[in-house]
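I have placed the structure first, in the form of structure tokens, so that the comments after it can refer back to it.
Quick note: numbers below take in every heavy atom, side chains included, and nothing from hydrogens, waters or symmetry partners.
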Amino acid sequence: MTDSEYKRIALLIAKEVNGEISEEELKILGEWRRRDDNNEALYCELLNSQKFKTWLAARNLVDIEEGWANIIPKIRKESRIKSIKKVMRIAASFLIPLLIGGMAYFYISNQISSKKINQQKYVQIRPGSSKATLILGDGRSMILDSIGAVSLTEIDGTQIQKKEGEISYQKKEETKGKSQVYNTINVPLGGEYKLTLADGTKVYLNSMTTLKYPVQFGPDNREVELSGEAYFEVVENKAKPFVVNTKEMKVEVLGTSFNVNAFEDSQNTVTTLVEGKVKLTHSLNSEYEQILNPNEQAILDNLTGKIALRTVDVNNFTSWKDGQLVFYDMPLESIMILLTRWYSAKVFYLNPEVKSIRFSGSLDKYDEIGKFIDIIDATHQVEVKIKDDTILFTKK
């Protein structure tokens, strides 16, 4: 990479932090991060470092051009010491903190570039996979983990097609007077599954999630019951609103894409809207009602019933369905709750105060968890140890 290319990547990260990056620029930055594990590791380490947080507080006072002029000689000096090939690789990763905002910030962490993940250490901590259990209308249950296609017939005649990682229902002509037949799909710890309902609505189910739904919707509405987390792509039908019922909240839509996080052990029920419009109502008190627009998130306090609204980057809350686990300025405890729903791991904090240390980053959910653990360890804020399937965190 040339000096100008170094500077371009640095400025893209700065623009991302400032919320000024375009979609095209974000794509370029993403390609750079995916090109090399060292790039991604240093990107995450940068965002989590105390020096970077200090820069965030003072970035408006920085002279970018002056800082860049100070950095170039250091890059060239480094080039004289090491081989050109190695410098090109390391500089692309390690000089980014230096370049952002032009600060005199030379933060080189050889631990990440030279560190090889000990796969054996994480052998008992495995990523999840597509698996679930389907409970049919007559009480029969079917394990959906097996590979291959299967066809089932429900007691009302509905055809259910199963292929790897997904089931779908065939739409029938409505028959008035007949009671609805319900199915329930349970996704366990370390699982995920996809579902296409009879009306064509697609549902992506996260781990530790249960969805109850009719195999054929009635003439007046489309209602399902959710515990856990699911992403919905609802087929529009103005005559038949689509309703997601959780223990604490009712989400009503016509046609839209949204994510509902409603784990029973959580203090909040969180709805994130990608497209369309939804209406949220507290299950026990209809006085608490909120209309949600795209890129907005509603956080329902399950104890008080009050709904707080905020604007978010929806990708941070929906990327799990596309194979990414994203966390932005999130406490370690919350990150590990998210990760241990997917990975077969337990967590123990030797010092309770480490739970509140905040981190940012992303992880391919099908990768070994070791990549994430090494990034956390390299921030020098938390010491990480692995014992069998348990991750131990200690304050450094």
Side-chain angles (χ1 to χ4, degrees), residues 166-172 174 180-185 187 192-206 209-264 266 268-302 305-322:
E166 183 175 358
I167 58 173
S168 60
Y169 290 76
Q170 180 181 342
K171 186 176 182 179
K172 292 174 50 184
E174 294 178 1
Q180 287 183 308
V181 175
Y182 284 84
N183 281 187
T184 300
I185 185 168
V187 182
E192 64 178 358
Y193 219 78
K194 297 177 185 176
L195 168 68
T196 301
L197 300 173
D199 68 335
T201 291
K202 294 185 181 298
V203 188
Y204 299 77
L205 302 166
N206 210 344
T209 294
T210 297
L211 186 74
K212 182 179 180 181
Y213 51 93
V215 298
Q216 298 292 332
F217 291 112
D220 301 320
N221 58 44
R222 298 174 291 168
E223 292 201 32
V224 301
E225 297 177 19
L226 172 71
S227 173
E229 183 171 26
Y231 181 88
F232 295 84
E233 294 177 353
V234 178
V235 171
E236 183 173 2
N237 185 337
K238 294 182 178 179
K240 294 169 63 172
F242 192 95
V243 177
V244 178
N245 291 300
T246 73
K247 183 178 180 181
E248 307 292 344
M249 186 173 64
K250 174 180 176 180
V251 183
E252 183 178 346
V253 304
L254 294 176
T256 189
S257 299
F258 62 100
N259 193 85
V260 178
N261 184 313
F263 289 100
E264 291 191 358
S266 177
N268 300 315
T269 300
V270 182
T271 304
T272 307
L273 182 60
V274 178
E275 296 177 352
K277 184 178 290 188
V278 300
K279 181 174 75 172
L280 310 177
T281 309
H282 192 275
S283 298
L284 301 178
N285 189 347
S286 59
E287 177 183 338
Y288 292 111
E289 183 180 293
Q290 180 69 57
I291 300 296
L292 209 57
N293 293 305
N295 301 312
E296 289 184 338
Q297 182 180 81
I299 303 172
L300 170 71
D301 187 312
N302 295 336
K306 293 183 178 180
I307 300 174
L309 194 65
R310 65 176 183 172
T311 301
V312 298
D313 179 349
V314 295
N315 291 325
N316 291 343
F317 302 91
T318 63
S319 58
W320 62 266
K321 74 179 181 64
D322 299 315

Exercise. Quick one: pull up OH in Tyr204 and CD in Glu166 and give me the separation to the nearest 0.5 Å.
Key: 7.5 Å

Quiz prompt | Heavy-atom donor-acceptor pair, Asn268 side chain to Val270 backbone, under 3.5 Å | solution = no

Practice problem: Could you grab the distance from atom CD of Glu229 to atom CG of Leu211, nearest 0.5 Å is fine? | Solution: 13.0 Å

Quiz item: Going by distance alone, is a donor N or O of one side chain under 3.5 Å from an acceptor N or O of the other, for Glu233 and Ser257?
Solution: no

Quiz prompt | Interatomic spacing from OG1 in Thr184 to NZ in Lys212 - rounded to 0.5 Å | solution = 5.5 Å

Exercise. Measure the shortest side-chain to side-chain distance between Thr318 and Val274 over non-hydrogen atoms and say whether it is less than 4.5 angstrom.
Key: yes

Exercise. Ignoring hydrogens and angles, tell me if any N or O in the side chain of Glu223 forms a donor-acceptor pair with the backbone of Pro241 under 3.5 Å.
Key: no

Quiz prompt | CA sep, side-chain torsions, deciding dist, call: Ile307, His282, side-chain contact (heavy atoms from CB on, under 4.5 Å) | solution = CA-CA 9 Å; Ile307 300 174; His282 192 275; 5.7 Å; no

Quiz item: Side-chain contact, heavy-atom cut-off 4.5 Å: Leu309 with Leu292?
Solution: yes

Practice problem: Using a 4.5 Å cut-off on heavy atoms from C-beta on, say whether the side chain of Phe242 contacts that of Leu197. | Solution: yes

Practice problem: First locate atom NZ of Lys279, then atom CD of Gln290, and finally report the distance between them rounded to the nearest 0.5 Å. | Solution: 12.0 Å

Quiz item: Does any non-hydrogen side-chain atom of Arg222 lie less than 4.5 Å from one of Val234?
Solution: yes

Practice problem: Please tell me if the side chains of Val243 and Asn221 come closer than 4.5 Å, counting only heavy atoms from C-beta onward. | Solution: no

Quiz item: Does a side-chain heavy-atom distance below 4.5 Å link Tyr193 with Val203?
Solution: no

Practice problem: Could you tell me which non-hydrogen atom of Asn293 sits nearest to which non-hydrogen atom of Leu273, and how far apart they are? | Solution: C-CD2, 3.2 Å

Quiz item: Between CG of Asn245 and CD of Glu252, what distance do you get to the nearest 0.5 Å?
Solution: 10.0 Å

Practice problem: Evaluate the side-chain proximity of Thr196 to Lys202: yes if any heavy-atom separation is below 4.5 Å, no if none is. | Solution: yes

Exercise. Determine the sole option in Tyr169, Tyr182, Phe232 for which the ring-ring contact (aromatic ring centres under 6.0 Å, His included) test with Tyr213 is passed.
Key: Tyr169

Exercise. To the nearest 0.5 Å, tell me how far Glu248 CD sits from Glu264 CD.
Key: 9.0 Å

Quiz item: With Leu280, which of Ile291, Thr271, Thr269 fulfils side-chain contact (heavy atoms from CB on, under 4.5 Å)?
Solution: Thr271

Quiz item: Do you know which two heavy atoms are closest between Val215 and Ala198, and how far apart they sit?
Solution: O-CB, 3.2 Å

Exercise. Kindly indicate whether the side chain of Ile299, heavy atoms from C-beta on, has any atom under 4.5 Å from the side chain of Arg310.
Key: yes

Quiz prompt | Non-hydrogen atoms of Gly276 and Pro294 that approach each other most closely | solution = O-CD, 3.2 Å

